[in-house]
Number of protein chains: 2
Amino acid sequence: MTNIKEIAKRAGVSPSTVSRALSGKGYVSEEKKRRVLAAAEEFDYAPNLNALSLKTGITRRLGLVAPAFIESVSLFTGGFVRAAEENGYTVTLFMTGSDVSKELEALEALRRKQVDALVFVMFKSDLSLIASYTKYGPIVSWQRIIHPDVPSVFMNQYDGYMIALEHLYARGYRRICNIYGAPTRLNTQSRIDAFRDFCAKYELDPCACPSFDDMGNPSHGEQIVRWWLENGQIPDAFATTNDRVAAGMVAEARRLGLRIPEDFAVCGFDNLDFADMLDLTTIHYPVNEQAGNAFSIIRNRIEHIDLPLRPLKFHLVQRGTT
Amino acid sequence: MTNIKEIAKRAGVSPSTVSRALSGKGYVSEEKKRRVLAAAEEFDYAPNLNALSLKTGITRRLGLVAPAFIESVSLFTGGFVRAAEENGYTVTLFMTGSDVSKELEALEALRRKQVDALVFVMFKSDLSLIASYTKYGPIVSWQRIIHPDVPSVFMNQYDGYMIALEHLYARGYRRICNIYGAPTRLNTQSRIDAFRDFCAKYELDPCACPSFDDMGNPSHGEQIVRWWLENGQIPDAFATTNDRVAAGMVAEARRLGLRIPEDFAVCGFDNLDFADMLDLTTIHYPVNEQAGNAFSIIRNRIEHIDLPLRPLKFHLVQRGTT
DNA sequence: TGTTGACCTGAAATCGATGTCACAAATTAT
DNA sequence: ATAATTTGTGACATCGATTTCAGGTCAACA
């Protein structure tokens, strides 16, 4: 454990001078600077980060809070860690499994200065609880929320969903079935709005086809395909919550001998890894770059600078299912 | 920021007494204990973790080093974080992108006491370099290595691959083509050994069918299918590096109008998320529990206890491609 | 010659906790 | 009654850095 005192002794100076020589702040004669650097080299000295954090009150550590690290959360995490590390920050994980008590632990870690800031990928806690911790450090959310103290870098799913709908229309599909996620999410409302406006634009009946709520897994996709086979004529196309639901539909169709896109078309969402392997048309969004934006917001607040945010856009990835 | 001194002042005692009252170590009268607890409650006091780390030399933070956080690395990360958090540890990420200088940064973080220990999921650095940092804290590797100071919790791929081969044999496939990963990996050698022993057991010619080296992506799988169509009769079955290669083969077969498993069978490896959606037969391994074992090894070294490691086994997940 | 300011240095305070130590009071043992 | 423990408490040192402060040298300038 070579510490600053030993370096000072070896170089024949005081600890203050060692600190100055190594940090480059304040005056140090060339002569002593050389001696300090030599001693640091000789003892392979590296300052203790805990001491530094205690003294300065800054840890250069950020907390990332998520239920689990799979699918698009992995993409976000990767983008966030990259941006953080490029700027000399380090990222600590808090895995909640959607448990609010675990979310509270992450908030407490902020209060206890284990991290300088938090990014919530998804959460279930009361927004007011989370906001009350902003006095201990910046908090940013990926999940779409509205609060003056907790900025959110959400995807504008109105735009993304509209791209999917426009694409389906352009390919000639008119009877479109919406498969939505959790109805309480603001994102779901955006998609409903997009569909309403889409129908108005092309003079389609928004009620022509029933929609499905609270769908998110492959098994949901399978259920929907089977439901339609038993309950009337299957729609021309499905606009789905995400690629997982879409994958379930594709798999079930294959099993039942239905042809895609002839019998029905499917458009996914997220462009996850496997969408390519399944030849699934989907909507892509640069989640990793958005995570970079989340980091920029945090850094802006911590260092009182004004990094610009990168504007991001959805785009269609057309494959064989439409 | 309310610190221990303020609590002391409010409760009318010394900081030492506050520390004793809150930690439960040493003698404190009931009366003062109550006063301290009340003051701590009133000021919503939580000890500063940096001060604690500095004083005790223990951070209860672990570093996880990986090139990126996708696929099975995500599974490992999830399992590791869960085990760590259950035991009061926190996990800090180091994303290397296979860059040795980034790996060095993680090692330096250990030396500078930002973390108590490290787990390398995968690495490229010299093993001797990594081992030289074990004097600063325990280091464990998931990648299979052999070193007295750096334990590794690898998968015994001999067993896993043998299960795949036995399965293919049982289903009647005799002409089996091996698709291997990076030839320098110890894992690859294990698989080659498994195939040798498999052929000996059933008196098959190990050279009956050429094998492929250094394959790992869907595009590799596609290439292999096309290669066989141009270069002789396609084998009965393929035993593959991982699910990604297998998925590429399945996708290409579908595109070319080949039937699976009639024209050829495919067995994947890893049982990633999408294997189910692709109806891919594959070999499963409880990676998340193995990550739990990695954590146990670390905890054993840090706390000088002797937690047992959970024995883990591969198993076959049969689906439609065999 | 006196003043100003740049340069240089180390002692000491500080960050926020823990833990040792000395000492006093209360309790128990002899 | 005296000795030996147990209980209870605060002063102070410590972890390893940074930073303020006071004081010193030295050259330039009025």
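Since the structure is predicted, the reported quantities are computational estimates derived from the model, not experimental observations. Residue numbers begin at 1 in each chain, while the letters A, B, ... track the order of the sequences. Computed over heavy atoms, backbone and side chain alike; hydrogens, waters and symmetry mates excluded.
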Output all residues satisfying side-chain hydrogen bond (donor to acceptor under 3.5 Å, both in side chains) with [X], sequence neighbours left out; order by chain, then residue number.
X	value
A:Asp273	B:Arg244
B:Thr59	B:Asp116
B:Tyr133	B:Glu108
B:Ser296	none

Taking only heavy atoms on the protein side, list every residue of residues 50-63 of chain B lying under 4.0 Å from any atom of DNA chain D, sorted numerically. B:Leu54, B:Lys55
Are there over 12 heavy-atom neighbours, none belonging to B:Arg144, within less than 6.0 Å of that residue's CZ? yes
Sorted by number, the residues of residues 24-33 of chain A with heavy-atom contact under 4.0 Å to DNA chain C: A:Tyr27, A:Val28, A:Ser29, A:Lys32
Difference in axis direction between the ends of the helix from C:dT1-D:dA30 to C:dT30-D:dA1, five pairs, 10°: 50°
Tell me the ring pair (Phe, Tyr, Trp, His ring centres under 6.0 Å) pairs involving residues 68-97 of chain A, sequence neighbours left out? A:Phe76-A:Trp142, A:Tyr89-A:Phe295
Whole-Å gap separating [atom2] ([N]) and [atom1] ([X]):
X	N	atom1	atom2	answer
A:Arg35	C:dC8	CZ	P	14 Å
A:Lys113	C:dA17	NZ	C1'	14 Å
A:Leu22	D:dG16	CG	C1'	13 Å
A:Ile4	D:dC15	CD1	C1'	13 Å
A:Tyr45	D:dT18	OH	C1'	10 Å
A:Lys5	D:dA17	NZ	C1'	10 Å

Is there a side-chain contact between [X] and the phosphate of [N], meaning an N or O under 4.0 Å from OP1 or OP2?
X	N	value
B:Ser16	D:dG10	no
B:Asn48	C:dG16	no
B:Thr17	D:dG10	yes

Taking all heavy atoms of A:Val150 and all of A:Thr134, pick out the closest pair and write down the distance. CG2-CG2, 4.0 Å
Could you go step by step and tell me if B:Met95 and A:Glu85 meet the side chain to side chain contact (heavy atoms under 4.5 Å, CB included) rule? CA-CA 8 Å; B:Met95 191 168 79; A:Glu85 290 185 350; 4.0 Å; yes
Ion pair check, A:Lys124 and A:Asp99, cut-off under 4.0 Å: no
Check: A:Gln143 side chain, A:Phe123 main-chain N or O, donor-acceptor pair, under 3.5 Å: yes
Report the residues that fulfil salt bridge (charged side-chain N to carboxylate O under 4.0 Å, His left out) with A:Arg34, sequence neighbours left out, ordered by chain and then residue number. A:Glu31
Who passes salt bridge (charged side-chain N to carboxylate O under 4.0 Å, His left out) against A:Asp306, sequence neighbours left out? none
A:Thr2 vs A:Ile7, side chain to side chain contact (heavy atoms under 4.5 Å, CB included): CA-CA, chis, key distance, verdict: CA-CA 8 Å; A:Thr2 127; A:Ile7 304 300; 4.0 Å; yes
Quick tally for nucleotides 21-29 of chain D: nucleotides whose base has a protein heavy atom under 4.0 Å get B, sugar-phosphate-only ones S, the rest -, giving ---------
Distance-only check: which donor-acceptor pairs under 3.5 Å involve side-chain atoms of residues 17-24 of chain B, not counting sequence neighbours?
| from | atom 1 | to | atom 2 | distance (Å) |
| --- | --- | --- | --- | --- |
| B:Thr17 | OG1 | B:Ser14 | OG | 3.2 |
| B:Thr17 | OG1 | B:Arg20 | NH2 | 3.4 |
| B:Ser23 | OG | B:Ser19 | O | 2.9 |
| B:Ser23 | OG | B:Lys25 | N | 3.3 |

